[in-house]
Amino acid sequence: MARTARAARGMRMTILQQKLGTTGGDPAELDAVIVGAGFAGLYMLHRLRGLGLSARVFEAGTDVGGTWYWNRYPGARCDIESMEYQYGFEDDLPREWKWTERYATQPEILRYISHVAEKFDLRRDIQFETRVTSAVFNEATDRWAVETDRGDRLSARFCIMATGCLSAARVPDFKGLDSFKGDWYHTGAWPHEGVDFTGKRVGIIGTGSSAIQSIPLIAEQAAHLTVFQRTPNFSLPAKNAALDPEYERSLQANYTEFRQRARQSVAGIMRGRPNDRSALEASEEELQREFESRWNDGGFGFGAAFRDISLNKAANDLAAEFVRSKIRGTVKDPAVAELLCPKDYPFGTKRVCVDTNYFETFNRDNVTLVDVKSAPIEEITPNGLRTANGQWEFDAIVFATGFDAMTGALLNIDIRGRADQMLKGKWSAGPRTYLGLQSAGFPNMFTITGPGSPSVLSNMIVSIEQHVDWITDCVTYLRDHGMATIEATVPAEDAWVDHVNAVASMTLYPQANSWYLGANVPGKPRVFMPYIGGVGNYANKCQQIAANGYEGFKLGAGVAAGKS
Ligand SMILES: Cc1cc2nc3c(=O)[nH]c(=O)nc-3n(C[C@H](O)[C@H](O)[C@H](O)COP(=O)(O)OP(=O)(O)OC[C@H]3O[C@@H](n4cnc5c(N)ncnc54)[C@H](O)[C@@H]3O)c2cc1C
């Protein structure tokens with residue numbers, strides 16, 4: 001990619017340039033800046049290097065890994081199976097890495113990501129412990145001016161946000177938190193040295209995915225664990241086990257082909273048998289047989305037991321009631337079991353959890369469940385916390401309160417596009433994107449798994465690879481056609497936003513107060529953010545748009561060519 005505005009570069013020499021002096025040419029003038037060094041940022045860097053572009057990654061953490069760098073809480077592991085939750089962009093990687101369990105633990109996934117970074121020598125183009133604070137598009141140069149919290153300033157043709165859908169950890173604004181004399185932790189920013197809860201009175205706030213993974217393990221260690229639950233969650237048994245060597249070998253034999261099929265599937269996941277039958281057509285016996293068999297298989301396959309579970313409330317009720325019957329059959333105290341049964345929203349419309357011994361843990365003498373829906377937490381006190389109903393004393397509090405999902409990390413950056421328009425302002429009523437890849441008015445900025453793409457409703461590595469490949473093809477196309485900029489048009493974006501909403505409204509998803517809708521963040525606009533039309537359909541649409549000369553995007557020859 002030809003570099004532009006070289007004359008201006010002398011003015012922007014900063015200390016960063018000494019740090020960056022490895023990519024060749026003037027380091028302050030890059031072809032691309034990538035923000036984030038998780039699965040997305042690493043693969044993006046690898047692909048851009050393959051095009052011969054100069055690219056630099058900025059990462060707030062001290063090393064690669066993203067989600068798997070930050071979320072080190074006890075029990076953290078993937079809930080999409082290891083053999084599927086890995087890169088598939090080349091056949092060698094799945095062959096040379098050995099997963100040990102059906103669902104890999106966080107340390108194992110982090111080791112894997114580190115292995116990939118080493119294999120492709122990625123760290124040399126990553127600046128760690130550096131948070132990007134602003135990205136401003138300069139219409140006079142068609143370049144992005146990027147700044148960091150370390151005082152770095154550089155300019156790049158492309159700005160690629162690999163900031164993660166679940167990377168802005170959120171501690172609710174509880175009164176009195178500063179006064180707490182014990183230790184407190186957020187699952188999404190867990191200390192690297194681990195936490196020893198032995199002999200401690202621990203309170204955990206939240207019962208989403210991270211809580212459901214960590215509660216059984218914290219309960220084994222702590223003197224007493226008190227779980228504060230606002231909304232009970234549907235959780236399916238993981239049935240974790242050592243990885244089946246035969247299954248592993250069968251996938252390794254031709255992983256590329258396996259991944260191609262995943263890319264054409266509904267959710268980027270191959271395990272789990274789709275079923276064309278409606279739950280409403282099945283006899284009581286068939287229903288129980290199908291649900292029971294999938295429950296025993298473990299994992300997300302249960303959600304595909306019948307084709308209409310996420311579409312039809314009556315069908316959904318059957319699945320929901322089955323899960324509730326399992327909770328009631330597991331938890332010995334009927335009052336606790338009832339509290340743990342989700343009743344206010346359809347099955348699957350909040351992120352379904354996958355657990356090992358979650359419900360069983362409530363049979364332990366050292367675990368107490370507290371309902372904070374009926375009696376909310378009023379304040380954190382110096383010794384614990386107080387709800388409308390009582391006081392608790394703790395040595396440690398764990399916030400398993402989730403993330404400002406999908407938009408949080410992006411909007412923490414001061415992003416300004418054409419005419420100095422702030423992305424935060426543009427998205428004040430909810431994110432607006434074309435394909436989840438670009439937002440109109442922000443040329444040459446891409447969001448990997450951005451809102452409006454399947455992202456969190458899919459195996460995210462499949463979605464990440466699809467986006468990175470699409471962006472790489474797009475950049476290649478611009479180069480081959482002598483174009484400098486690409487930008488979503490407003491009509492294409494409007495039509496896509498309408499389509500994303502229309503598809504969501506055909507499902508039961510909008511019926512839950514989920515983080516998919518931003519409902520966990522006070523004041524966040526209620527908009528269904530991920531695209532639910534299916535990974536394969538979505539990928540084909542992206543492909544078609546590219547094949548049609550990037551339909552819905554405006555391509556520009558750039559300022560050097562007298563503007564387009
Ligand atoms: C506990 C947990 C379990 C999960 N399990 C699964 C699973 O089983 N299957 C699945 O498909 N998905 C799962 N996910 C989703 C997971 O986030 C994705 O699968 C994937 O890891 C996302 O990769 P990413 O590179 O897009 O983002 P991330 O891994 O989130 O990486 C983004 C990086 O960007 C950095 N960053 C953000 N803003 C800035 C900034 N301004 N400046 C510098 N750096 C910045 C962050 O520090 C972070 O390291 C899980 C998520 C969590 C939290």
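Count residues from 1 along the sequence. Keep in mind that this is a model prediction, so the values were computed, not measured. Whatever order the structure lists ligands and atoms in, that order sets their numbers, starting from 1.
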Ranked by distance from atom 44 (N) of ligand 1, the top protein heavy atom is A60 N, 3.1 Å
min-distance protein heavy atom vs atom 27 (O) of ligand 1 -> G164 CA, 3.2 Å
R271 charged N/C atom sitting above Y247 aromatic ring, 6.0 Å / 45°
yes
Atom 37 (C) of ligand 1 has as its nearest protein heavy atom T163 O, 3.5 Å
Is it the case that the ring center of F403 lies less than 6.0 angstrom away from the ring center of W70?
no
### Message
Measuring from non-hydrogen atoms of Y73 to any atom of ligand 1, is the shortest distance under 4.0 Å?
### Response
yes
inquiry  = Any nitrogen or oxygen of I80 lying under 3.5 Å from a nitrogen or oxygen in ligand 1? Just yes or no.
reply    = yes
Here the atoms of ligand 1 under 4.0 Å from any heavy atom belonging to S167 are 30 (O)
When you measure from the side chain of N537 to the backbone N and O of G533, does any donor-acceptor pair fall under 3.5 Å? yes
Counting heavy atoms under 4.0 Å, the part of I448 that contacts ligand 1 is neither
Looking only at non-hydrogen atoms, the one of G66, C165, G402 nearest atom 31 (O) of ligand 1 is G66
Ligand 1 atoms nearer than 4.0 angstrom to some heavy atom of G36 are 33 (C), 34 (O), 35 (C)
Among non-hydrogen protein atoms, atom 3 (C) of ligand 1 lies closest to W68 CH2, 3.5 Å
contact_flag F58 ligand 1 heavy-atom lt 4.0 Å: yes
For K541, the side-chain hydrogen bond (donor to acceptor under 3.5 Å, both in side chains) test, sequence neighbours excluded, returns none
### K326 to F359, cation-pi by 6.0 Å centre distance and 45° axis angle
no
Taking only non-hydrogen atoms of W70 and a 4.0 Å limit, the atoms of ligand 1 in range are 46 (C), 47 (O), 48 (C), 49 (O)
The closest protein heavy-atom partner of atom 51 (C) of ligand 1 is T67 CG2, 3.5 Å
Here the gap from L177 atom CG to F399 atom CZ, rounded to the nearest 0.5 Å, amounts to 4.5 Å
E59 heavy atoms within 4.0 Å reach ligand 1 at atoms 33 (C), 34 (O), 35 (C), 43 (C), 44 (N), 46 (C), 47 (O), 48 (C), 49 (O)
For C78, the ligand 1 atoms with a heavy-atom partner under 4.0 Å come out as 8 (O)
Pair D297 + K239, salt bridge at N-O below 4.0 Å: no
Atoms of ligand 1 under 4.0 Å from any heavy atom of A162, numbered from 1 in the order shown, are 32 (C), 33 (C), 34 (O)
Exercise. For F403 and ligand 1, does the shortest N/O to N/O distance drop below 3.5 Å?
Worked result: no
query = Ring centroid separation for Y85 and Y103, is it under 6.0 angstrom?
reply = no
(message) Is there a salt bridge (charged side-chain N to carboxylate O under 4.0 Å, His left out) between R123 and D63? Walk through the geometry before answering.
(response) CA-CA 8 Å; R123 283 191 181 87; D63 202 355; 2.9 Å; yes
With a cutoff of 4.0 Å, is S458 in contact with ligand 1, counting heavy atoms of the residue only? yes
When distances are taken from atom 41 (N) of ligand 1, the protein heavy atom at minimum range is V132 O, 3.0 Å
Show, in sequence, the C-alpha distance, side-chain angles and deciding distance for R351 and D79, and conclude whether the salt bridge (charged side-chain N to carboxylate O under 4.0 Å, His left out) test is met.
CA-CA 11 Å; R351 175 70 154 80; D79 49 20; 3.0 Å; yes
*asked:* Is there a polar contact, in the sense of an N or O pair closer than 3.5 Å, between F39 and ligand 1?
replied: yes
For A40, the atoms of ligand 1 under 4.0 Å from one of its heavy atoms are 24 (P), 25 (O), 26 (O)
**Asked** For Y69, is the NZ or CZ atom of R72 found under 6.0 angstrom from the centre of its six-membered ring and inside 45 degrees of the ring axis?
**Response** yes
**Report entry** Sub-4.0 Å heavy-atom contact, T133 with ligand 1
**Finding:** no
Quick note on ligand 1: atoms under 4.0 Å from a heavy atom of I413 include exactly 41 (N)
Among non-hydrogen protein atoms, atom 7 (C) of ligand 1 lies closest to D79 OD1, 3.5 Å
Ranked by distance from atom 14 (N) of ligand 1, the top protein heavy atom is Y85 OH, 4.3 Å
Checklist entry - Below 6.0 angstrom between ring centroids: does that apply to Y87 and F39? => result yes
**Prompt:** Would the number of heavy atoms belonging to other residues, nucleotides or ligands and lying under 6.0 Å from CG of D121 be above 12?
**Reply:** yes
Residues passing the side-chain hydrogen bond (donor to acceptor under 3.5 Å, both in side chains) test with R416, sequence neighbours excluded, are D414, D420
